[in-house]
Number of protein chains: 2
Amino acid sequence: MTEGRKRGPLRADAQRNYDQILAAAEAAVARDGADASLEEIARQAGVGSATLHRHFPSRQILLEAVFSAKVETLCRQAKDLAADAEPSDALITWLRAVVAHATSNRGLATALLRGAHESFGTTCHAMITDAGRELLERAHEAEAIRPGVEIVDLLTLANAIALATEQEPNAGARAEQLLDLAIYGVRPT
Amino acid sequence: MTEGRKRGPLRADAQRNYDQILAAAEAAVARDGADASLEEIARQAGVGSATLHRHFPSRQILLEAVFSAKVETLCRQAKDLAADAEPSDALITWLRAVVAHATSNRGLATALLRGAHESFGTTCHAMITDAGRELLERAHEAEAIRPGVEIVDLLTLANAIALATEQEPNAGARAEQLLDLAIYGVRPT
DNA sequence: GTAACATATGGGGTGACACCCCGTTTAGCA
DNA sequence: TGCTAAACGGGGTGTCACCCCATATGTTAC
């Protein structure tokens with residue numbers, strides 16, 4: 001979770017504040033979701049709100065920073081699955097992992113969905129999309145996935161499910177159940 | 001869209017204000033979605049914000065009032081389909097209608113999903129659930145739907161898709177496409 | 001018609017928020 | 001050690017949800 005410096009090397013105090021804000025944001029977002037109070041995050045980090053806004057000009061950018069570690073995990077997992085598993089299983093296992101991450105990290109789904117349609121800060125969305133595309137292509141070659149389906153379809157579906165179940169009592173199980181339904185179809189085999 | 005009086009007959013001016021607030025809320029929600037400014041709605045309706053809060057103690061209750069007409073349409077449609085159509089087609093046609101309504105009325109999906117898990121104002125959610133249950137039961141009897149699937153599963157899925165596509169360029173088409181994917185399954189037949 | 005009363009109103013207060021300006025502080029370097 | 005650019009944060013602005021209570025208004029009984 002230690003975030004590397006950004007572009008031109010930051011001054012030491014700036015780097016320290018950046019890290020503190022990020023740590024506070026992780027805690028706040030885990031507790032309150034994607035619409036956690038930015039002022040509260042700044043307060044917890046022990047910096048003025050202006051400093052937070054300077055380091056993270058928009059909520060979206062802050063959320064991307066918070067979730068980037070999780071997203072990297074997901075991308076690495078995609079790589080591993082592409083190497084190890086049978087194409088169809090690999091893709092579906094990975095989709096389950098995406099949903100699991102999104103439900104256990106309040107706000108991740110929102111951040112990813114918004115990232116797909118805003119001009120800034122689409123980094124996380126692009127990373128996940130690229131990681132998933134490889135898995136999907138392999139699955140398509142094995143004819144294990146309905147033709148014409150694209151990776152954004154699957155990811156939108158996964159995030160939609162996570163988003164909708166986010167505030168249910170046991171979100172994880174419910175989301176998994178709905179993902180299964182979507183994968184195998186509402187109609188019986 | 002003319003809303004009947006609530007419980008004890010309202011005073012004439014109160015009823016008039018109620019209707020004006022509702023009309024302003026419809027316009028604002030259509031424009032800004034479920035998180036439209038309540039103060040702005042009160043301003044447009046030409047009443048003080050306290051009056052709005054007296055008539056609609058929570059945002060959720062206001063949203064339910066705004067959408068109740070749409071929800072009634074959906075419920076009527078369910079009844080018609082249950083009478084006319086083949087069980088499986090009826091259910092799927094209706095699910096498409098639910099998604100279409102939810103995407104063309106910004107905030108409807110949010111309101112319905114929240115209504116399912118909050119103690120107050122679950123009226124709309126209950127109405128839709130009951131209407132859909134009948135269609136689903138008929139479809140189950142015809143063995144046209146995967147066993148074990150419940151109406152809340154289908155509605156959550158439909159709302160999830162609407163919610164996730166709400167801010168995409170052509171939300172309607174995209175939502176329909178994803179619903180199809182979920183209905184027929186990610187895996188090929 | 002009018003008096004009396006319950007009902008309804010809305011200006012304005014409170015506290016939280018996002019976001020930003022600009023005078024002050026400080027790290028990094030010669 | 002002193003200079004300068006970089007970074008900071010107190011405090012301002014405008015917005016919001018929500019509520020209190022003095023005032024106004026419709027309703028009803030006479």
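In what follows, chains are A, B, ... by sequence order, proteins preceding strands, each numbered from 1.
- Contact annotation for S37(B): backbone-only contact, meaning every heavy-atom pair under 4.0 Å involves sugar-phosphate atoms and none involves a base.
- Nearer the 5' end of DNA chain D, as judged by each residue's closest nucleotide, is the contact made by R59(B), out of R59(B) and A12(B).
- Nucleotides of DNA chain D nearest to A14(A) and D13(B) differ in position, and the one nearer the 5' end is that of A14(A).
- Side-chain atoms of R43(A) lie closest to dC17(C) of the nucleotides dC17(C), dT27(D), dA27(C).
- With respect to the salt-bridge test (charged N to carboxylate O, under 4.0 angstrom), the residues D19(A) and R16(A) do not qualify.
- Heavy atoms from other residues, nucleotides or ligands lying under 6.0 Å from CD of E134(B) number 12 at most.
- When rounded to the nearest whole Å, the span between CZ of R16(A) and C1' of dA7(D) equals 11 Å.
- At a cut-off of 3.5 Å, with distance as the only test, a side-chain donor of R187(A) or S88(B) sits close to an acceptor on the other residue.
- The separation between L63(A) atom CG and dA18(C) atom P is 12 Å, rounded to whole Å.
- With hydrogens and angles ignored, a donor-acceptor pair under 3.5 angstrom links the side chain of R11(A) to the base of dA6(D).
- L52(B) has its CG atom 11 Å from the C1' atom of dC18(D), to the nearest Å.
- Between H53(B) and the phosphate of dG10(C), there is no side-chain N or O to OP1/OP2 separation shorter than 4.0 Å.
- OP1 or OP2 of dT9(C) sits under 4.0 Å from a side-chain N or O of N17(B).
- Atom pair E39(A):CD and dC19(C):C1' shows a separation of 9 Å (rounding to whole Å applied).
- At whole-Å resolution of the value, CG in L62(B) and P in dC18(D) are 11 Å apart.
- In this structure, the CD1 atom of I21(A) is 13 Å from the P atom of dA7(D), given to the nearest Å.
- For S49(B) and dC16(D), a side-chain-to-base donor-acceptor distance below 3.5 Å is absent, hydrogens and geometry of angles not being considered.
- Between R106(B) and D32(B) no salt bridge is recorded (no basic side-chain N to carboxylate O distance below 4.0 Å).
- Rounded to whole angstrom, the span from the CZ atom of F56(B) across to the P atom of dA8(C) amounts to 14 Å.
- By the 4.0 Å N-to-carboxylate-O rule, R138(B) lies too far from E141(B) to be salt-bridged with it.
- One finds a side-chain N or O of R54(A) lying less than 4.0 angstrom from the OP1 or OP2 phosphate oxygen of dC8(D).
- Residue L10(A) contributes atom CG, which lies 19 Å from atom P of dT26(C) at whole-angstrom precision.
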